[in-house]
Amino acid sequence: MPTSPTQELRRNTRYKIRDGTIRLHHPVMPALNCILIDISEGGARCKMDTSSLDDFASTAWRQLMSSGKLISVEVLAPGLTQRCMIHSDVRHIRLSEENALDFGLKFHKPDTMQLDAIQRAIRAYSRHRDRQPFEAPVETIQEVPPTGSTVMMKRSDSTRRLDAPVVSTPQKPKTLADAARSLWKGLTTPKHKPGTNYRGMKIGEILMRMGRITPKQAVEAYEKARSSKVKFGRYLVRQRLITPVELSRALSLQTGLPIVDLANVTLPDTVKTTFPLEMMKAHSFVPFNQFGLEVYIAVAQPLSKEVLKTLETQCRLRLKVFLAYDEVIEAMMASAFFSQE
């Protein structure tokens with residue numbers, strides 16, 4: 001259905017925000033709160049604020065941001081209790097005076113519920129304001145030469161806030177070369193620090209901190225793994241970006257579980273009938289040893305407390321859980337040792 005002139009005008013009407021926040025999400029990176037500059041039903045303009053992150057996460061987010069990148073965003077506003085994620089295209093990246101990144105977001109085909117959340121956020125930010133929303137001026141986009149990927153954006157100074165007048169600040173002229181040097185200075189990936197607490201981090205971030213993959217490789221691998229419906233870690237192994245041992249090591253850092261190399265394990269007959277094969281396949285685990293009242297199992301991913309309790313009830317033994325590569329676990333389950341015969 002074509003968009004009416006009134007609807008198009010609403011989408012292009014921008015509301016200036018003070019003390020606004022928008023949260024960026026990516027499957028391989030920690031969530032990042034950014035400063036919300038203005039918002040409309042079609043998109044938003046933001047400034048990247050990495051003050052809450054450490055040097056590595058700040059560096060990785062800067063490297064991930066590029067024009068045309070598809071990310072998920074969450075609009076935060078006073079009084080909003082319902083969480084709503086919106087896919088957005090990154091647009092118009094430029095370097096600000098504080099060496100931060102200013103960028104635009106175009107909301108990617110928001111549905112009715114998402115549009116309602118955006119409208120409620122706009123109303124929440126503009127509530128108790130006497131001034132009317134301003135019309136967004138026409139923006140002039142200047143493409144950067146092939147030497148860089150930054151896009152410079154010029155904006156009319158006639159725009160006004162809902163809450164305060166704009167105070168014009170003289171800006172020091174900066175050449176494209178100066179901007180590029182300031183932006184990418186010191187953005188080399190920091191080395192892995194053994195004392196870092198990795199519990200709860202995403203696998204992609206852990207592998208980047210270990211120095212095994214770059215932020216660009218992590219994003220590209222995730223997108224290709226999702227399109228091919230393959231697990232992120234398995235895709236990295238298949239593409240030989242990491243080894244199965246490195247993936248297990250990352251999972252161990254994330255969960256705190258120990259690692260077992262099933263290739264060097266001789267299975268005792270005592271574990272052959274400990275669990276039904278259907279149960280093992282349902283939860284992707286294999287028992288590989290038994291010692292006294294404990295049975296050792298290898299899992300591809302941590303199991304929930306409910307599943308662990310069910311397994312202990314099944315075998316009437318205590319469980320000791322180890323991590324192993326999922327394809328090795330699948331091969332062991334398919335072997336003659338665990339066959340029904």
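The figures here come from the full heavy-atom set of this structure, side chains too, leaving out hydrogens, waters and symmetry mates. Given the structure is predicted, the values throughout are model-derived calculations rather than measurements.
No salt bridge links K231 with E327; every basic N to acidic carboxylate O contact stays at or beyond 4.0 Å. Salt-bridge formation is detected for the pair R212/E246: a Lys NZ or Arg NE/NH1/NH2 atom is positioned less than 4.0 Å from an Asp or Glu carboxylate oxygen. Ion pairing between a basic and an acidic side chain is recognised when a charged N comes within 4.0 Å of a carboxylate O; K305 and E312 show no such pairing. Ion pair R209/E205 flagged as a salt bridge, since at least one NZ, NE, NH1 or NH2 atom sits closer than 4.0 Å to an Asp/Glu carboxylate oxygen. Salt bridge R45/D38: present, at least one basic N to carboxylate O contact under 4.0 Å.
Here the closest non-hydrogen pair linking I213 and G204 is CD1-O, 4.1 Å.
More than 12 heavy atoms of other residues, nucleotides or ligands lie within 6.0 Å of NE2 in H25, so this atom counts as buried by the packing criterion. No more than 12 heavy atoms of other residues, nucleotides or ligands sit less than 6.0 Å from atom CZ of F291. Remark: K320 NZ is loosely packed, at most 12 non-hydrogen atoms of other residues, nucleotides or ligands lying under 6.0 Å away.
The structure places CZ of R23 at 4.5 Å from CG of N33, a figure rounded to the nearest 0.5 Å. A distance of 8.5 Å separates CD of E306 from NZ of K309, quoted to the nearest 0.5 Å. The distance from the SG atom of C46 to the CG atom of L24 is 7.0 Å, given to the nearest 0.5 Å.
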Legend entry - F285 vs L311, side chain to side chain contact (heavy atoms under 4.5 Å, CB included): CA-CA, chis, key distance, verdict: CA-CA 11 Å; F285 77 95; L311 298 183; 3.8 Å; yes
Legend entry - Stepwise side chain to side chain contact (heavy atoms under 4.5 Å, CB included) test for D102 and I93: CA-CA 6 Å; D102 290 353; I93 302 175; over 6 Å; no
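In this structure a side-chain-to-backbone donor-acceptor pair under 3.5 Å is present from W61 to P30.
Taken together through direct or relayed side-chain contacts under 4.5 Å among Ile, Leu, Val, Met, Phe, Trp and Tyr, V230 and V28 form parts of separate hydrophobic clusters. In the hydrophobic cluster analysis, where Ile, Leu, Val, Met, Phe, Trp and Tyr join through side-chain heavy atoms closer than 4.5 angstrom, L317 is grouped together with V286. In terms of hydrophobic clustering, with Ile, Leu, Val, Met, Phe, Trp and Tyr side chains grouped at heavy-atom distances under 4.5 Å, L319 and L262 are assigned to a common cluster. When the side chains of ILVMFWY residues are joined at heavy-atom separations under 4.5 Å, either directly or via intervening members, L277 and L303 end up in a single hydrophobic cluster. The cluster map of Ile, Leu, Val, Met, Phe, Trp and Tyr, joined by side-chain heavy atoms under 4.5 Å apart, puts V245 and F322 in different clusters.
Tested against F338, the residues T273, L267, T274 include a single side chain to side chain contact (heavy atoms under 4.5 Å, CB included) partner, L267.
Inspection of the S72 and H87 side chains reveals an N or O donor paired with an N or O acceptor under 3.5 Å.
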